[in-house]
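Values below: every heavy atom of this structure, side chains too, minus hydrogens, waters and symmetry copies.
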Amino acid sequence: MNALFKNYINTFRGLSTEVWWLALITLINRAGTMVIPFLTIYLDEDLQFTKPDIGWIMSFFGIGSLVGTWVGGKLTDKIGYYKVMFFSLFLTAVFFVLLQYATTFNEFCFGIFIVMLVADAFRPAMFVALNAYSKPENKTRSVTLIRLAINLGFSVGPAIGGIIIVSIGYQGLFWVDGITCALAGILLLNVLHPKKAKILDVVKVDNPVSAYKDKAFWVFFIAMFIFGFTFLQYFSTMPLYYKDVRMMSELDIGLLMGFNGFFIFVFEMPLINWLQKTKNSKIKLIAIGLFLVAISFFLLNVTSWIWIVVIGMLFMTIGEMIAFPFSNAFAVERAKKGNQGEYMALYAIAFSLSHIFSHNSGMQMVDKLGFETTLNMLTIFALVGVFILWVLMKILKKEKETQSK
């Protein structure tokens with residue numbers, strides 16, 4: 001056990017102080033986003049919206065995310081990542097608190113659009129900051145540390161969120177979300193000020209390549225959209241599946257989703273450290289991760305045994321543990337040939353587009369086809385994504401051979 005603990009600690013060595021501060025800011029921010037996992041249940045039970053209406057609201061969630069990510073990428077290239085992150089955190093705090101007062105369908109569509117527009121401008125800026133604060137050899141581990149912070153926050157958030165809902169209701173979640181975003185902004189202002197932070201990897205490209213002209217990156221983009229589409233079902237369709245089919249309470253759902261974050265917090269860094277030593281390509285590892293996500297949906301239709309939801313969650317968790325860090329690292333690596341903000345925005349936009357189509361499609365399919373058929377279709381779609389990643393491996397191999405001539 002002592003050797004295991006030392007090996008675990010060693011996986012964190014060599015990361016810069018700035019990356020650790022960025023991880024702490026992310027932890028505080030993500031611990032507060034406890035509204036999101038319960039959003040579909042809140043819209044269903046408290047506001048009495050129909051499932052198709054909830055689907056459309058979640059599409060506005062995604063449209064806001066897409067626009068915010070695109071704007072965040074453009075602003076990052078123009079005014080720098082620090083200003084974008086700071087204003088994103090503080091404005092998100094204000095709009096999260098105001099969102100609780102939206103009660104009609106139109107109000108909530110507009111409100112969630114504005115919240116996500118402001119909140120997701122943070123993402124490309126954070127990726128570029130992470131790139132700047134990391135040594136080239138530490139990129140994947142730095143990304144993994146940020147994901148650990150996200151998932152530790154996400155393991156704490158839903159569990160606390162479930163308790164808040166049971167004790168004081170959904171309105172308390174909006175206040176906690178707003179306060180934690182503001183706290184993250186204050187911490188950013190104090191510890192990552194440009195005059196204090198140390199840049200470790202300055203990337204200057206004389207003739208930057210546009211991310212929109214990078215064909216291989218577009219194939220990667222499609223695969224990431226499919227990954228996002230299937231993965232995001234765990235934040236909209238699946239909570240309703242747990243409630244309506246498996247008869248789980250909000251507290252049980254919060255604990256199950258908390259298990260996801262806690263498992264990632266404990267095991268992701270050692271897993272990524274080990275996978276890096278296997279010398280497998282990043283794309284191959286992403287494909288393995290997406291395959292495990294496909295299996296997680298397939299298992300739920302195999303048996304009515306209640307604990308299968310935990311096993312399904314475990315497969316999904318391991319899948320995202322592999323796919324997210326290596327996809328992020330691939331995007332960061334590819335971004336060095338062009339405008340970094342543009343590349344990282346396009347990477348994040350793949351997930352924003354997933355938000356637009358994933359939640360809405362999931363809700364519409366559940367409403368018209370039922371949960372069983374929906375889960376089967378999600379399994380097949382994830383496997384299509386695995387095939388596209390296999391095609392990308394072939395493209396990159398050919399690209400490498402051409403460059404070496």
Side-chain angles (χ1 to χ4, degrees), residues 62 65-66 69-70 72-74 77 120 123-124 127-128 131 139-140 143 147 203 205 207-233 272 275-276 278-295 297 319-358 361 377-405:
S65 175
L66 186 149
T69 301
W70 182 81
K74 289 292 183 185
D77 284 331
D120 275 7
R123 289 163 65 193
F127 287 141
V128 174
N131 196 27
K139 300 294 185 191
T140 305
V143 167
R147 275 191 37 79
V203 180
V205 184
N207 298 302
V209 176
S210 171
Y212 302 104
K213 294 180 180 178
D214 188 337
K215 292 179 182 178
F217 202 77
W218 274 111
V219 176
F220 173 70
F221 176 92
I222 294 167
M224 287 304 94
F225 168 76
I226 293 173
F227 172 51
F229 185 98
T230 51
F231 170 73
L232 288 170
Q233 296 297 325
I272 296 304
L275 287 172
Q276 280 186 303
T278 64
K279 304 300 181 183
N280 285 309
S281 73
K282 292 181 178 69
I283 300 302
K284 183 178 179 180
L285 291 168
I286 299 164
I288 292 169
L290 184 50
F291 178 75
L292 293 174
V293 173
I295 297 298
F297 292 112
E320 69 158 307
M321 282 165 66
I322 299 170
F324 268 117
F326 286 105
S327 66
N328 209 315
F330 175 82
V332 166
E333 191 178 274
R334 197 82 179 175
K336 284 194 172 185
K337 63 192 287 185
N339 294 317
Q340 290 188 84
E342 193 175 72
Y343 264 92
M344 298 319 297
L346 190 57
Y347 170 72
I349 282 170
F351 294 98
S352 298
L353 275 174
S354 301
H355 275 295
I356 294 174
F357 295 103
S358 173
S361 299
M377 291 176 74
L378 290 171
T379 302
I380 294 167
F381 196 43
L383 292 175
V384 170
V386 174
F387 173 74
I388 290 171
L389 287 166
W390 177 79
V391 171
L392 179 57
M393 278 192 277
K394 300 293 183 186
I395 293 171
L396 291 173
K397 186 179 179 182
K398 199 171 182 181
E399 188 181 272
K400 196 173 181 180
E401 287 171 355
T402 304
Q403 290 172 351
S404 62
K405 287 180 182 178

Mind checking the [atom1]-[atom2] spacing from [X] to [Y]? Nearest 0.5 Å is all I need.
| X | Y | atom1 | atom2 | value |
| --- | --- | --- | --- | --- |
| T230 | L383 | OG1 | CG | 9.5 Å |
| L232 | F357 | CG | CZ | 13.0 Å |
| L378 | S358 | CG | OG | 7.5 Å |
| F217 | L396 | CZ | CG | 11.0 Å |
| L389 | F387 | CG | CZ | 11.0 Å |
| E399 | K215 | CD | NZ | 11.0 Å |

Note, [X] side chain near [Y] side chain (heavy atom, < 4.5 Å):
| X | Y | result |
| --- | --- | --- |
| T69 | F351 | no |
| S327 | K282 | no |
| L392 | I222 | no |
| M224 | I286 | yes |
| I272 | F326 | yes |
| F231 | S354 | no |
| Y347 | R334 | no |
| I283 | F220 | yes |

How about F227 and F324: are their ring centroids closer than 6.0 Å?
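Centroid distance F227-F324: below 6.0 Å, so yes.
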
Do you know which two heavy atoms are closest between I395 and A216, and how far apart they sit?
CG2-CB, 4.2 Å

Atom of G72, atom of P124 and distance for their closest heavy-atom approach
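Nearest heavy atoms, G72 then P124: C-CG, 3.6 Å.
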
For F221, I'd like to know if atom CZ has over 12 heavy atoms of other residues, nucleotides or ligands within 6.0 Å.
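Yes, the 6.0 Å shell around CZ holds more than 12 heavy atoms from other groups.
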
Could you tell me whether M393 atom CE has more than 12 heavy atoms of other residues or ligands within 6.0 Å of it?
yes

Would you find a donor on one side and an acceptor on the other, under 3.5 Å apart, between the side chain of E320 and the backbone of G289?
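No; zero donor-acceptor contacts below 3.5 Å.
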
